[in-house]
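Report on the structure given below.
Here is how names work: the chains are called A, B, and so on, in the same order as the sequence lines, proteins then strands, and each is numbered from 1.
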Number of protein chains: 2
Amino acid sequence: MKQPRVESVEKALSILEAFSKDRPALTLTEISVETGLYKSNVSRLAASLERYGYLKRDPNRRFRLGPALWRLGALYRRNFELGESVRPVLRQLVRETGETASFYVPDQDERLCLYRENSPDPVRHHLDEGARLTMQSGAAGHVLAAFHLGDDTARARLDADGSCVSQGERNPHISAVAAPIIDATGQFHGALAVSGPLERLNREALAKARAVVVASARALSRGLA
Amino acid sequence: MKQPRVESVEKALSILEAFSKDRPALTLTEISVETGLYKSNVSRLAASLERYGYLKRDPNRRFRLGPALWRLGALYRRNFELGESVRPVLRQLVRETGETASFYVPDQDERLCLYRENSPDPVRHHLDEGARLTMQSGAAGHVLAAFHLGDDTARARLDADGSCVSQGERNPHISAVAAPIIDATGQFHGALAVSGPLERLNREALAKARAVVVASARALSRGLA
DNA sequence: TTCATTTGTTCTACTCTGCGCAACAAATCT
DNA sequence: AGATTTGTTGCGCAGAGTAGAACAAATGAA
């Protein structure tokens with residue numbers, strides 16, 4: 001059997017993927033170059049995307065992502081009844097550790113920062129909600145790789161309780177600790193993590209943080225009916 | 001000239017539109033019914049959407065919106081450098097009026113609640129960020145219709161300063177006041193609004209709120225380089 | 001358990017969509 | 001003004017995408 005797919009749809013979606021934090025507005029030719037599609041083709045695909053509000057054109061006729069994405073994105077996040085329960089947990093983690101707390105979910109073969117509460121400390125690990133990182137490194141990355149992809153190498157890095165720590169792995173100045181969220185049915189939802197500057201979040205602090213994160217993850221996991 | 005469009009892409013997007021707050025998870029047949037597309041067709045389109053993370057299947061194989069939407073939605077919202085500036089303004093409005101404050105942007109021929117800060121009062125006008133309402137009614141609706149669509153009827157309802165009030169219009173128990181955000185180049189961005197229960201937000205309170213909203217909208221408008 | 005029913009996937013043939021490309025138009029720069 | 005870049009439109013062919021049915025898998029009933 002052949003994997004079914006619809007080419008033009010995937011082309012259209014790849015147009016959306018061309019946008020990023022650093023490139024929030026693109027001209028037709030830029031999109032064309034970025035995606036490798038012909039300009040005429042992009043023009044037509046973009047027209048359809050625009051109709052549905054997935055793209056819009058700013059005053060100088062450049063393309064930007066459209067409001068429909070935000071609307072559907074909000075719907076997506078609502079699916080996680082988690083939202084209501086995760087935020088307080090993150091805030092609690094920030095209070096208890098003084099560091100930044102985040103919640104990651106798998107997005108394709110990468111990981112997505114779904115929720116985040118930043119440390120009050122001016123020197124902190126900063127990252128935006130909606131940011132996407134690799135699953136190949138970082139404490140949360142390993143947890144996701146192990147539970148979502150079923151990666152054995154990653155699984156080997158995990159503690160018996162499923163938690164994982166990393167020091168200066170993805171970013172040389174950051175250490176972190178993460179634990180999985182798994183509901184009663186065994187369904188994996190994502191990873192809870194605390195991260196901060198390596199200097200402050202040293203071996204000792206990490207060990208303490210690990211206990212807190214694991215406990216919070218347990219509580220959250222239980223909270224999912 | 002014929003309006004360019006790509007049929008399969010629009011079909012795919014209409015699949016995403018089939019999801020809503022009340023129907024966050026759909027089976028293949030449900031999508032098929034909702035969109036009027038053949039099941040085999042939905043199956044293939046959905047496969048492509050799934051590949052790109054716009055859809056995912058939950059444990060019972062039902063379709064749900066995917067994380068890519070949230071990621072891109074976050075990017076979209078970032079485009080509004082507004083975000084950073086709007087939130088504080090909304091909070092300030094809540095503080096000054098005691099009612100709920102929101103920021104709406106146009107989304108196709110409707111309006112989308114992009115940011116919202118709720119009143120601390122237990123009896124308040126509740127609505128979620130990401131919710132979509134008509135442009136045909138409500139104070140913010142008229143402002144958007146007037147400035148975005150250029151609707152003359154709506155324009156006639158506006159005050160000289162562009163503001164607009166409504167009492168029990170969209171919802172019989174809610175009154176509201178809204179004002180437009182327009183940057184130095186004349187570009188319209190959206191509407192700032194304060195809304196609350198009709199009983200509390202009466203004629204008198206509305207008049208007071210209008211002044212506050214208009215002032216905030218002015219300040220915000222100026223804040224956009 | 002077995003049978004019935006619903007739900008989802010796979011296959012095929014035909015049609016018309018979507019594609020590449022080139023010619024055209026519009027905007028921007030010199 | 002002319003030159004160059006950027007976006008749109010027209011056209012014909014290839015083949016992508018569709019409808020429909022047949023098949024497979026899951027679910028429910030008995």
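When rounded to the nearest whole Å, the span between CZ of A:Arg61 and C1' of D:dT6 equals 11 Å. One can place CD of B:Glu7 at 21 Å from P of D:dG15, the figure rounded to the nearest angstrom. In this structure, the CZ atom of B:Arg57 is 14 Å from the P atom of C:dT7, given to the nearest Å. Between the CG atom of B:Leu37 and the P atom of C:dT17 there is a distance of 15 Å, rounded to whole Å. Here the C1' atom of nucleotide C:dT17 and the CG atom of B:Leu45 are 14 Å apart, to the nearest Å. Computed from coordinates, the A:Phe63 CZ to D:dT6 P distance equals 14 Å when rounded to whole Å.
A:Arg218 CZ: 12 or fewer foreign heavy atoms inside a 6.0 Å radius.
Look at A:Ser40 and you won't find any side-chain N or O under 4.0 angstrom from OP1 or OP2 of C:dG20. Regarding contacts with the backbone of D:dG17, a side-chain N or O of A:Ser8 is found under 4.0 angstrom from either OP1 or OP2.
Remark: the B:Ser195 side chain and the B:His125 side chain contain an N/O donor-acceptor pair separated by less than 3.5 Å. Judged purely by distance below 3.5 Å, without hydrogens or angles, the side chains of B:Ser163 and B:Asp161 pair a donor atom with an acceptor atom. Side-chain contact check for B:Arg116 and B:Ser102: at least one donor-acceptor pair (N or O, by modelled atom type) lies under 3.5 Å.
A heavy-atom distance below 4.0 Å to DNA chain C is reached by none of the residues of residues 10-19 of chain B. Of all the residues in residues 23-36 of chain A, not one reaches under 4.0 Å from DNA chain C with any non-hydrogen atom.
With distances taken from any side-chain atom of B:Lys39 to the nucleotides C:dT7, D:dG17, C:dC19, the minimum falls on C:dT7. Between D:dT18, C:dT9, D:dT8, one nucleotide has an atom nearer to the side chain of B:Asn41 than all others, and that is D:dT18.
In this structure, B:Arg111 CZ and B:Tyr104 OH are separated by 5.0 Å, a value rounded to the nearest 0.5 Å.
Residue contacts shown for B:Arg5 are limited to sugar-phosphate atoms, with no base heavy atom under 4.0 Å away.
Among residues two or more places apart in sequence or in another chain, the salt bridge (charged side-chain N to carboxylate O under 4.0 Å, His left out) test is passed with B:Arg132 by B:Asp107, B:Glu110.
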Let's go through B:Thr27 and B:Arg62 carefully: what are the C-alpha distance in whole Å and the side-chain angles of both, what is the deciding distance for side chain to side chain donor-acceptor pair (under 3.5 Å) to 0.1 Å, and is it a yes or a no? CA-CA 5 Å; B:Thr27 69; B:Arg62 291 191 309 174; over 6 Å; no
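The pair B:Arg91-B:Glu117 counts as a salt bridge, with a side-chain nitrogen and a carboxylate oxygen less than 4.0 angstrom apart. Ionic pairing of A:Glu17 and B:Arg71 is present here: one or more N-O contacts between side-chain nitrogen and carboxylate oxygen are shorter than 4.0 angstrom.
At a cut-off of 3.5 angstrom, the base of C:dG20 holds at least one donor-acceptor pair with the side chain of A:Arg44.
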